[in-house]
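What follows is a single structure, written as structure tokens, with notes after it.
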Amino acid sequence: MEIENNLPKTFDSEGAENKWYQKWLDGQCFKPRKGKQNKTFTVLMPPPNVTGKLHMGHALDATTQDALIRYKRMKGFETLWIPGTDHAGISTQAVVEKLIYKQEKKTRHDLGREEFLKRVWEWKEQYGSEIVNQQKKMGVSCDWDYSTFTLDEAPNKAVKKFFVMLYNEGLIYQSDYIVNWDPILQSAISDAEVEHKEVKGFFYHLKYKVKEDPTIELIIATTRPETIFADSAVAVNPNDERFKDLIGKTAIVPICNREVPIIGDEHVDIEKGTGCLKVTPGHDFNDFEIGKRNGLPIINILNKDGSFNKNAPEIEGLKPKDARKKVEEILLELGELVEKKDHVHPVGHGERSDEIVEPMVSKQWFVNTTAMAEAAVKAVEDGDMTFFPKGWENTYFAWLRNPKDWCISRQLWWGHQIPVYYCKKCDHQWASEGDPTECIQCKDKDIFQDPDVLDTWFSSGLWPLSTLGWPDEKAMAEKRFEDFYPNSTLITGFDIIFFWVARMMMMGMKVTNKPPFQHVYIHAIVRDKQGRKMSKSLGNGIDPLDMVKQYGADAMRFTLAAGSGYNRDLNLDPERIEGYRNFVNKLWNAFRFVHPFLDKAKDELPVKSEWHLHDKWILAELNTVAKTMNEAMDVYRFDDACSEIYQFVYEKYCSWYIELSKNILYGNDEKAKVIRATMLKYCFRKIVTLLHPIVPFITEEIWGYLENEKSLLAVQEYVEFDPGLENTEVQEMMNKFIELTSGIRNIRSSVNMKPKDEIDVKLFTDDKRLAKFVYESRHFLKDLANVKSGTIRNKASEKPRRSASLATTHTEIFIPLEGIIDLNEQVNRIKKDMEKTQAEYKKVEAKLSNTNFMNNAPEEVRQEVKEKARLFQDKLTSLTQILESFQ
RNA sequence: GGGCGUUUAGCUCAGCUGGGAGAGCGCUACCCUUACAAGGUAGAUGUCGGGGGUUCGAUCCCCUCAACGCCCACCA
């Protein structure tokens, strides 16, 4: 019979992507709507940088979040997924500065602050939404009306409100402090933005003379000889027998001949270096502390661009690298350099600029995080917020249990300007949420705002609050702050646990006393197939948009979801995307098979008494999958959810149920046809429903055919476990039936039979239920293994001799082919099977004859082992008899 | 220096509270069988990093060694 099929042989992913995304938007599917759970579920998207281009990390973010939010939406939660973009102070400013310089050879200083900011905004309007369009290609189902930019009015209000709050509590303070100074950005950066890298350098040993006794020469080890101009002391350990008598005397710094005190400080390690330390409070973190303890002066020898200033006249204007050479030369001339040897040591680099950061003392704004960090730790300890996988809380704790004050000022222009004002007349300083025009103390109009902007993470940290309108009451009501705060789950990568997660926790709890989210799911970092980080310099990046174009968004998404469980790396090989594209196509073709019979199918399942054994089986299997998938999705095991449904579609639905349906659908029993068509359709509905959160496009496309586009799958109810569909007996029978069928195919293959060759099969089993099952399925064996005729009897019956045969633990299979087959080959095959089975039998036998095992193992386990032994024995008996038949 | 993690089939990884080693991809043979060659059927492949211990029993728990990775740390 020829069945007409007007569906294309391969799934048109691009067509479906364009069509359905628009339909979802038109249908308002991504807006919150009340469901049967009567609870909300909120996810906040980590805002990508406006300068960004969608990379695999974003794609993974998008996939896991979208799968989760679609799942919860279908489960009947009132879902909200909030999108947005980040102004990314440093990188955006850098991008635009570069562009302007390239086009006009002008720096930002040439343009002035106001004009420069205007240009950045123009750039943002033009290019800032690119990444949003790219996200849409992945099918993200966020509520775009909630979309927020970190420099929008709402976040700006939030930042000011929070800043002023802390300022007035005394938790924000300004201080001369040693900070990491990035000479490229010409700004302070926070500790977290410093990356330590191993750098090859030298260990220099320098001579310092002692003024009181010119015969003594102190040898001091340093990796940075150029900083001697900033030395304000020499320190030794007060317990160091070699040097303790020198404490209180005076040392003379080479080149500049400055006289500095020799002091004793516990910090100095007797073992390390030469035991003598030059103290440079202006350009070293430890020395800064030593300086504070001992009241030493701070000498700054650096300009903002990292070059040396007039405090180091011999090297003024030089950058550190050249300065070091020059100083080395001078020291050599003076005979003060006694040794120089290779030395590898970690050096801090700016995360963004990749330039060596210089510790420098400057006036910066800080947040005292002690109390906030404590609260953030407690929330996780108390279980008010939970990490998935749990192990990541260690990283979180490590950061927050040892909090350092957070340097929040940046000497940039693009960002939230610090809301602190100064009066030129009376020098008063205050913080304000508004835009003051006069000094609040002396009422003079001559005031100015602090020129620095805030660290980007200061505004990101308030993201869960500001995206819901906080602190503006009207906006909060509009955005339903009360309903959607706290968020439900935050999904992000482990690299920003302390940059972002920890700060949101601190800031969210400071404002509301509640953690800003209940769960944090930390997903893997996407790497290339060899486990290397994807980077521009290695050129090993995989562009998600290329992959979407090539294989479809669904394949891309399924691959990422299938790779996302509790692992920390996701090594992505494009071949895997291709593999899952094949799966998507498999699903499509399964639907192509079902499609012509849809008009026969009824909307409701027939009464149970009309269900065929195979119907009961597939519904029971489907039900099991529904259970597992729900459980997996609830704990962010996307990998388990994917493999479960993959397995079902391939191994259960396509390989068996569809094959077992052909006989009926191509037959003459009209009533049976209707029932089977109904079953196939019913299953397909459930399959696409289960799969929808992961592969939304193809499932929506198929749903459109199933329901004649009367509804959208995106807002249907998810499949729940139904105890009424459980049927372990039929599942067990079907497994044995599958084993039998594979056995027959195995024999066919072993005698090199062509698929077209028809066979006669004789089965022998003592399992009566199985015999009945096989008997009722007998017509299907033609389709499954080209069986023309056959019998099924109990094992005591007379069996064919010298037959191609095989035994399972429950059944003996014979295909009488005497005269055609190679008897030796058959005998060898049986013998091999026998050896294997015997080995397995021995293992369990050993247990049963071990009295310790019998005395100690639980009853359950003993029974299991006994049952196994029995099965192996049965199989061995069968195999022995078959072998004898060849005698 | 401190901490975390990884080590299971050629590759990427799963294996829950200990009880017969799994998946996907790849590989081999045969097959264009009327949903699908982006497919089907059958098949091969592992001293579960090394050593020790606890246990009737260890891929799983404990100790130890090794290799690799990541994070943190003040550049003597």
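Just so you know, these numbers come straight off a predicted model, no measurement behind them. Residue numbers begin at 1 in each chain, while the letters A, B, ... track the order of the sequences.
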What does [X] touch in the nucleic acid at a heavy-atom separation under 4.0 angstrom: a base, only the sugar-phosphate, or nothing?
X        : result
A:Val357 : base
A:Lys404 : sugar-phosphate
A:Arg576 : sugar-phosphate
A:Glu358 : base

Is RNA chain B part of any stem, that is, at least 3 consecutive Watson-Crick or G-U pairs with both distances under 3.5 Å, and where?
B:1-7 with B:66-72, B:10-13 with B:22-25, B:27-31 with B:39-43, B:49-53 with B:61-65

Are A:Arg870 and A:Gln873 close enough, and set up right, to give a side chain to side chain donor-acceptor pair (under 3.5 Å), and what steps lead you there?
CA-CA 5 Å; A:Arg870 195 182 63 75; A:Gln873 231 164 4; over 6 Å; no

Close residues, [range], relative to RNA chain B [heavy-atom separation under 4.0 Å]:
range                       : value
residues 749-759 of chain A : A:Ser749, A:Lys754, A:Pro755
residues 551-564 of chain A : none
residues 339-349 of chain A : A:His343, A:His345, A:Pro346, A:Val347

Quiz: residues 571-585 of chain A side-chain donor-acceptor pairs under 3.5 angstrom, not counting sequence neighbours:
| residue | atom | partner | partner atom | Å |
| --- | --- | --- | --- | --- |
| A:Asp573 | OD1 | A:Glu575 | N | 3.0 |
| A:Asn585 | OD1 | A:Phe11 | N | 3.2 |

Between [X] and [N], is there a contact of a side-chain N or O with OP1 or OP2 at under 4.0 Å?
X        : N      : value
A:Tyr580 : B:rA23 : no
A:Asn582 : B:rG39 : yes
A:Asn746 : B:rU41 : no

Heavy-atom donor-acceptor pair, [X] side-chain to [N] base, under 3.5 Å:
X        : N      : answer
A:Arg581 : B:rA38 : yes
A:Lys586 : B:rC36 : yes
A:Glu659 : B:rA35 : yes

Qualifying salt bridge (Lys or Arg N to Asp or Glu O under 4.0 Å) pairs with a residue from residues 844-862 of chain A, counting only residues at least two apart or across chains:
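Of all non-adjacent pairs touching residues 844-862 of chain A, those that pass salt bridge (Lys or Arg N to Asp or Glu O under 4.0 Å) are A:Glu859-A:Arg862.
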
With salt bridge (Lys or Arg N to Asp or Glu O under 4.0 Å) as the rule and sequence neighbours excluded, what pairs involving residues 635-653 of chain A come up?
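Applying salt bridge (Lys or Arg N to Asp or Glu O under 4.0 Å) to every pair that reaches into residues 635-653 of chain A, excluding sequence neighbours, yields A:Glu621-A:Lys652, A:Arg637-A:Asp639, A:Arg637-A:Asp640.
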
Taking N or O atoms only and anything under 3.5 Å, show me the protein contacts with nucleotides 16-22 of chain B, one pair per line.
| residue | atom | partner | partner atom | Å |
| --- | --- | --- | --- | --- |
| B:rG20 | OP1 | A:Lys868 | NZ | 3.1 |

Close N or O pairs between protein and nucleotides 67-71 of chain B (under 3.5 Å):
none

Partners of A:Glu336 by side chain to side chain donor-acceptor pair (under 3.5 Å), sequence neighbours excluded?
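So A:Glu336 forms no side chain to side chain donor-acceptor pair (under 3.5 Å) with any residue.
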
Could you list all the side chain to side chain donor-acceptor pair (under 3.5 Å) pairs where at least one residue sits in residues 397-407 of chain A, not counting sequence neighbours?
A:Tyr173-A:Asp405, A:Glu381-A:Arg401, A:Trp406-A:Asp455

Check the interface with nucleotides 44-48 of chain B: list each N/O to N/O pair with the protein under 3.5 Å, or write none.
none

Could you walk me through whether A:Asn180 and A:Asp191 pass the side chain to side chain donor-acceptor pair (under 3.5 Å) test, one step at a time?
CA-CA 7 Å; A:Asn180 300 291; A:Asp191 291 344; 3.0 Å; yes

Taking atom C1' in both B:rA9 and B:rU47, what distance in whole Å separates the two?
14 Å

